[in-house]
Amino acid sequence: MALLLLALQIVDNGLAVEEPGPICDDAAFQRRAWLDIAGTVPPVDRARAPGDREKLVDELLAGDRYSRRWAHVWMKTLTGRRGVPDEDHDGRRLLQYLQRALAQNLPYDRMVRDMVTGSGLGDENGEVNFLLRYRADPVDVTGAVGRTLLGIRLQCAQCHDHPFAEWKQDQFWGMAAFFSKTRRFYTESGDEYLPGVIDVSRDRGMFMPGLDEREMPERAKVPPVYLSGDRPADGKWREQFADLLIDPTKSPTFAMNAVNRVWAEFFGRGLLEPLDGFTLRGAEVPPLLKHLADEFVANQYDLRRLIRTIALSKAYQREARAGADSYAYMPVRPLDEDQIFDAIVDATGFTDEPYDAEDLSPEEIEEEESYRDQQPREFFGEHDMSKSRALALLNHWAVHEAVETGSRTCVGVNGRATGPAHVEWLYLATLSRKPTKEETDEMTELIDATRAKRSRLADLLWALLNSAEFTTNH
Amino acid sequence: MKYCCTRRDLLLGSAGLWVAGNLGMAWGSPRAARATAEHCILLWLGGGPSHLDTFDPKPGTAGGGPFKAIDTAARGVKLAEHLPRLAEQMERVSLIRSLTSREEDHERAWKYLHTGNAPQETVTFPTLGSVVSAETTAPANDLPSFVHIGGYGLVDPGFLGIEHAPFQVPEAGGEVANLKRPDWISESRHERRLKLLNKLNERFGESDQGKVQASAIKFLESKAIEAFDLAAESEETRAAYGDSPFGRGALMARRLVENGVRFVEVNLDGWDTHEDNFEQTRGLCGALDAGFASLIDDLAKRDLLSKTLVVCMGEFGRTPEINAQNGRDHWARAFSAAIAGGGAAGGQVVGATDEGGFEVTERPVPIQDLFATMFRCFGFDPKKTYRTPNGRPIKLVESGRAVEELLV
């Protein structure tokens with residue numbers, strides 16, 4: 001407890017801003033925390049009585065919506081893909097691995113080690129699909145590890161020494177060489193070929209290309225050398241790479257990158273931007289990020305604990321304002337495609353229960369994912385709030401159906417004689433707050449509630465689902 | 001969020017004049033005065049078409065394959081044999097046979113050929129359609145500036161913001177999703193819903209979400225939305241464009257441009273022919289030939305070609321060597337694009353490849369030069385600097401010179 005208070009104190013000091021905005025009310029905090037931690041809006045009964053913030057955060061982190069939401073978040077960070085299979089990897093299995101790991105609160109360094117060292121068939125060992133996403137190719141894997149796990153733009157050094165970048169070409173290739181004994185293989189299964197990863201004893205050798213690939217300069221074989229200058233002993237290079245990667249003394253940006261990416265999920269921007277903009281010159285790192293990263297390491301890479309500190313900080317509890325660009329206010333952020341889909345489903349009761357990757361077969365996950373992959377894309381477009389998404393919210397049959405379902409539930413709970421109670425229920429279900437007296441009066445009148453028509457409730461619910469207040473996190 | 005508002009205020013809000021005033025203007029270069037493009041149609045050949053089997057035929061060479069070369073309406077310009085109708089249009093179309101790039105991964109090359117910038121992890125460059133959307137005035141009839149038909153959805157407005165994201169039509173033909181409300185919601189009921197929505201948004205305050213939604217609602221109410229309905233075209237016209245999603249997309253593109261849409265991208269995927277290249281390419285050429293040739297002919301007949309830039313290309317070419325599966329693999333060192341209208345000359349061939357189609361031997365055109373050329377047709381200043389959300393200054397294309405001999 002005292003430790004948390006101390007950590008929070010440090011966060012608040014680290015973000016000291018002039019004229020900080022007021023702390024938001026409990027309902028606003030609850031909605032924000034549900035969306036960021038659980039990926040959806042709270043149910044009506046919770047929205048009605050928000051309760052203690054600390055208890056809420058703990059409860060959300062212990063719940064399965066947290067592991068489900070954050071499996072998707074990490075999936076996007078690590079692979080830039082949703083949990084669907086493609087010709088290179090089986091995203092479903094990686095999603096499943098991540099969800100399990102998060103549900104057990106597996107330490108982050110362990111998770112990363114699993115993914116970097118994983119061997120065997122991607123179909124059997126979910127974590128292997130991280131390397132498979134990058135074709136287990138030393139060059140692609142090195143770029144991806146640099147970007148997603150170290151927050152550095154190592155791949156810029158792939159082709160040449162950049163005049164201003166810190167990384168030299170031989171450093172890139174030295175890192176890549178750790179994977180030069182790693183191979184991708186395929187196993188025939190029915191009429192499919194399943195990819196996997198295996199280490200062999202023979203090193204294929206990493207060769208640095210010249211500046212122009214059309215010239216073929218003398219090419220020297222590059223030995224494995226980590227950024228820290230460490231060289232592997234004989235044996236399993238990939239495992240030694242993973243050990244160096246997760247060792248805070250060898251990889252000073254490893255923990256900071258994780259903290260920065262988690263932070264960005266909560267605030268819409270990292271403490272350090274761009275997210276892959278770390279350099280060896282630690283001076284550019286905000287002291288707060290450095291501090292949170294040290295804590296993260298000291299706490300055995302406990303992701304839940306990290307999120308707890310972030311979510312209970314004053315900065316996270318401030319009132320929202322569109323376009324806020326300091327920590328004086330929370331910026332208003334559009335819901336992402338998962339959040340908006342799940343929020344519509346949960347607010348209206350439309351479609352089935354949310355699924356748990358743990359309980360389903362790959363085929364079932366695929367079905368769920370393709371539903372979420374294709375449908376919301378069709379519903380909501382590629383972008384957070386593009387015209388395509390706006391049109392989908394206005395017209396898509398699923399939204400109309402959701403509105404019908406939701407209005408029926410509303411009548412079921414609150415009775416056929418419609419009135420202010422119905423208006424309040426719809427606000428709680430969608431906006432996660434009670435309407436003000438003024439709003440209740442205005443909306444009750446606008447839907448002419450005295451005429452007791454469910455269709456009028458459906459009209460209000462449709463408007464609520466389309467409202468900027470519903471489609472953003474604030 | 002904020003940067004969108006700023007941009008909007010800057011470009012559209014405070015002065016549509018600012019854009020309009022600059023469009024035809026000099027940008028510091030006297031040549032820009034001849035900018036004539038007001039619209040652009042990009043015919044995207046996803047997967048990377050074999051340049052040898054389309055725009056740069058090499059019959060009789062070791063890797064030339066079985067396709068013959070045919071004469072075209074442009075003297076001395078030959079196409080591969082499965083583009084006979086396009087051949088008739090070649091006085092209006094020019095070829096660049098010397099595009100050259102180093103990106104041979106689909107995704108990276110897709111981004112490169114869509115943005116004019118080699119992909120960087122830290123910046124999302126806007127694709128051409130979003131640039132055109134940002135640099136031109138929006139159609140007065142409330143249609144979107146940028147429509148994307150078919151293909152996979154990497155199209156990202158990047159730092160230009162969601163206002164310049166495309167309206168996506170997954171497949172042309174039939175009813176376009178989400179443009180109509182269900183029949184059982186009456187006009188009066190719909191109006192009531194909109195009134196409720198307005199009240200809610202008023203209370204929440206101004207937001208980008210609200211603005212995009214408002215423009216979406218206007219779009220739905222626009223009479224010009226009929227441009228998406230191909231049933232209004234004669235059977236004959238539809239037949240000419242070809243009975244394929246691509247042909248219907250090309251026809252829709254013509255209808256959209258006629259109605260003021262600034263940029264339409266029409267996708268024809270399937271060119272990644274690692275196996276059975278010739279069989280597949282022949283089939284794809286059938287769809288391409290009908291759609292592309294009809295589009296050019298139609299635009300010309302309607303006096304739209306001079307103000308509509310039409311570009312046809314994919315992310316790279318394919319290996320001049322034929323592999324063991326009778327296919328061709330990725331090849332970015334030398335490949336081709338076709339360009340027509342909108343201030344681009346017809347009947348020209350820029351650049352050349354060696355006998356086998358391996359390397360560029362004449363007038364290499366880096367991707368940045370291609371983009372500089374397209375921007376010149378529109379009169380955009382390629383050196384114009386934008387700021388990304390985190391303050392980094394970015395030019396539309398970092399370097400690149402327009403291919404002068406292609407400009408009218």
Side-chain angles (χ1 to χ4, degrees), chain A residues 140 143 147 153 155-156 159 212-214 268-269 273-277 321-325 331-334 377-379 381-397 400 431 436 439 442-443 446-447 455-456 458-460 462-464 466-472 474, chain B residues 1-6 102 105 120-123 144 146 148 153-157 162-163 165-168 170 177-182 184-185 189-190 192-201 203-210 212-217 219-220 333 359 388-392:
Chain A
D140 293 351
R147 193 176 70 246
R153 277 167 263 167
Q155 71 275 10
C156 300
C159 309
D212 184 334
E213 61 191 9
R214 270 165 273 190
R269 60 173 176 271
E273 284 281 343
L275 296 179
D276 59 358
R321 204 174 253 192
D325 53 5
V332 176
R333 295 167 286 154
R377 198 165 284 184
E378 195 189 313
F379 286 16
E382 279 292 295
H383 304 289
D384 289 342
M385 196 55 202
S386 64
K387 200 166 274 183
S388 293
R389 186 205 270 189
L391 288 166
L393 280 167
L394 292 166
N395 280 339
H396 199 284
W397 62 266
H400 289 297
L431 307 183
T436 62
E439 284 172 320
E442 183 178 53
M443 292 301 160
L446 276 173
I447 63 169
S455 66
R456 298 298 176 98
D459 293 343
L460 177 57
W462 179 89
L464 284 163
N466 274 281
S467 70
E469 188 171 350
F470 179 73
T471 56
T472 55
H474 40 76
Chain B
M1 306 224 61
K2 196 177 169 201
Y3 58 89
C4 293
C5 309
T6 317
R102 293 173 64 163
D105 168 73
Q120 290 179 25
E121 296 299 340
T122 49
V123 188
F146 175 12
H148 183 265
L154 293 165
V155 199
D156 196 314
I162 51 172
E163 277 176 88
F167 172 61
Q168 308 236 24
N178 302 329
L179 291 191
K180 268 192 205 146
R181 64 170 186 272
W184 50 270
I185 293 173
R189 190 168 179 202
H190 181 63
R192 184 164 58 236
R193 288 181 166 201
L194 289 180
K195 197 170 162 193
L196 288 163
L197 178 56
N198 280 338
K199 286 282 174 204
L200 292 168
N201 281 346
R203 285 194 181 272
F204 189 69
E206 197 167 285
S207 65
D208 285 349
Q209 281 66 34
V212 172
Q213 186 180 62
S215 77
I217 291 171
F219 168 37
L220 291 174
R333 286 188 197 184
E359 303 285 344
T388 64
N390 51 30
R392 181 171 157 191

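Chain letters run A, B, ... following the sequence lines, proteins first, then strands; residues in each count from 1. Reckoned from all heavy atoms, side chains included, excluding hydrogens, waters and symmetry mates.
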Considering all heavy atoms of both residues, which atom of [X] and which atom of [Y] are nearest to each other, and what is their separation?
{"X": "Lys387(A)", "Y": "Val212(B)", "answer": "N-CG1, 3.6 Å"}
{"X": "His400(A)", "Y": "Asn395(A)", "answer": "CD2-O, 3.4 Å"}
{"X": "Pro166(B)", "Y": "Ser388(A)", "answer": "O-OG, 3.7 Å"}

Check whether [X] gets within reach of chain A through its side chain, its backbone, both or neither, counting any heavy atom under 4.5 Å.
{"X": "Asp105(B)", "answer": "side chain"}
{"X": "Leu196(B)", "answer": "both"}
{"X": "Lys180(B)", "answer": "backbone"}

**OP:** Sort Leu464(A) into side chain, backbone, both or neither according to what part of it lies under 4.5 angstrom from a heavy atom of chain B.
**Re:**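 Leu464(A) touches chain B through backbone and side-chain heavy atoms alike.
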Subject >> Interchain contact, Leu394(A) with chain B, by part (heavy-atom threshold 4.5 Å) >> reply: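 Looking at Leu394(A), just its side chain touches chain B.
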**OP:** Check whether any side-chain heavy atom of Arg153(A) lies under 4.5 Å from a side-chain heavy atom of Arg147(A), and answer yes or no.
**Re:**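 When only atoms from C-beta onward are counted, Arg147(A) and Arg153(A) do not touch, as no gap falls below 4.5 Å.
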Subject >> Residues forming a side-chain contact (heavy atoms from CB on, under 4.5 Å) with Arg189(B), sequence neighbours excluded >> reply: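 Expected list: Glu404(A), Ser455(A), Ala458(A), Asp459(A), Trp184(B), Ile185(B), Ser186(B), Arg192(B), Arg193(B).
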